[in-house]
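Here the structure is laid out as structure tokens; the discussion comes afterwards.
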Amino acid sequence: MNTLGVILARAGSAGLPNKHLLPLLGRPVIEYTFDHARAARLLSKVVVTSDCPQVLNLAANRGFDIVRRPGDLATSDASVQDVMLHAMRSVEAGSSFHADALVVLYGNVPVRGAGAIDRAVEHQHQRVTDELV
């Protein structure tokens, strides 16, 4: 099963502008999500979607594929589902990769329990398998 991890990092924020790039213990907040995504053994591919040039540059410099988010998907009203589908379609259009499942990773969440991403993927995979039986 090909699982696409999509790190969301919209530039605009009413509460805390550029929160993904703010330092936390000497590192941009989003780098913690980068670490979590890299540690997840069940993510087949990970991309970062953003409308922020600094986030996209940081992601590319850290070895992640990037998806430039269009303005209509970079508003506070844009749905996560639409953003995820845009990222998936962009990845699939530019490569032979086909996503069977998507994982949403918010770039402004620096703390996740060890193995949380893999446990979520395993749980969902088991649920789908059980429904098919």
From [atom1] ([X]) to [atom2] ([Y]), nearest 0.5 Å:
{"X": "H123", "Y": "R119", "atom1": "NE2", "atom2": "CZ", "answer": "12.0 Å"}
{"X": "L16", "Y": "N108", "atom1": "CG", "atom2": "CG", "answer": "9.0 Å"}
{"X": "R10", "Y": "N18", "atom1": "CZ", "atom2": "CG", "answer": "11.0 Å"}

Worksheet item: With sequence neighbours left out, what residues match S96 under side chain to side chain contact (heavy atoms under 4.5 Å, CB included)?
Response: none
Worksheet item: D82: what forms a side chain to side chain contact (heavy atoms under 4.5 Å, CB included) with it, not counting sequence neighbours?
Response: L73, S79
How about [X] and [Y]: do any of their side-chain heavy atoms sit closer than 4.5 Å?
{"X": "V6", "Y": "L105", "answer": "no"}
{"X": "H20", "Y": "V29", "answer": "no"}
{"X": "C52", "Y": "L21", "answer": "yes"}
{"X": "I30", "Y": "L58", "answer": "yes"}
{"X": "L24", "Y": "E31", "answer": "no"}

Worksheet item: Side chain of R69, backbone of L8: donor and acceptor closer than 3.5 Å?
Response: no
Worksheet item: Among all residues two or more places apart in sequence or in another chain, which pass the side chain to side chain donor-acceptor pair (under 3.5 Å) test with S50?
Response: none
Honestly curious: do [X] and [Y] fall in one hydrophobic cluster under the side-chain, below-4.5 Å linking rule?
{"X": "V80", "Y": "M88", "result": "yes"}
{"X": "L4", "Y": "V67", "result": "yes"}
{"X": "V83", "Y": "L102", "result": "yes"}

Show me the donor-acceptor pairs within less than 3.5 Å that the side chains of residues 39-47 make with the rest of the protein, sequence neighbours left out.
unit_1	atom_1	unit_2	atom_2	d
R41	NH2	E122	OE2	3.0
S44	OG	T3	N	3.0
K45	NZ	D65	OD2	2.6

Practice prompt. Name all pairs fulfilling the ring pair (Phe, Tyr, Trp, His ring centres under 6.0 Å) condition that reach into residues 27-76, sequence neighbours left out, sorted by first residue then second.
Written response: F34-F64
Practice prompt. For residues 65-120, pull every pair meeting ring pair (Phe, Tyr, Trp, His ring centres under 6.0 Å), keeping only residues two or more places apart or in separate chains.
Written response: none
Discussion item. Does T49 form a side-chain hydrogen bond (donor to acceptor under 3.5 Å, both in side chains) with R68? I'd like the steps, not just the answer.
Written reply: CA-CA 6 Å; T49 176; R68 296 181 196 289; over 6 Å; no
Listed partners of [X] passing salt bridge (charged side-chain N to carboxylate O under 4.0 Å, His left out), at least two apart:
{"X": "D35", "result": "R27"}
{"X": "E92", "result": "none"}
{"X": "D51", "result": "none"}

Item to complete: Grab the two heavy atoms, one from A59 and one from V48, that are nearest each other, plus how far apart they are.
Response: CB-CG2, 3.6 Å
Worksheet item: Cluster partners of L56, using ILVMFWY side-chain heavy atoms under 4.5 angstrom, listed by chain and number?
Response: I66
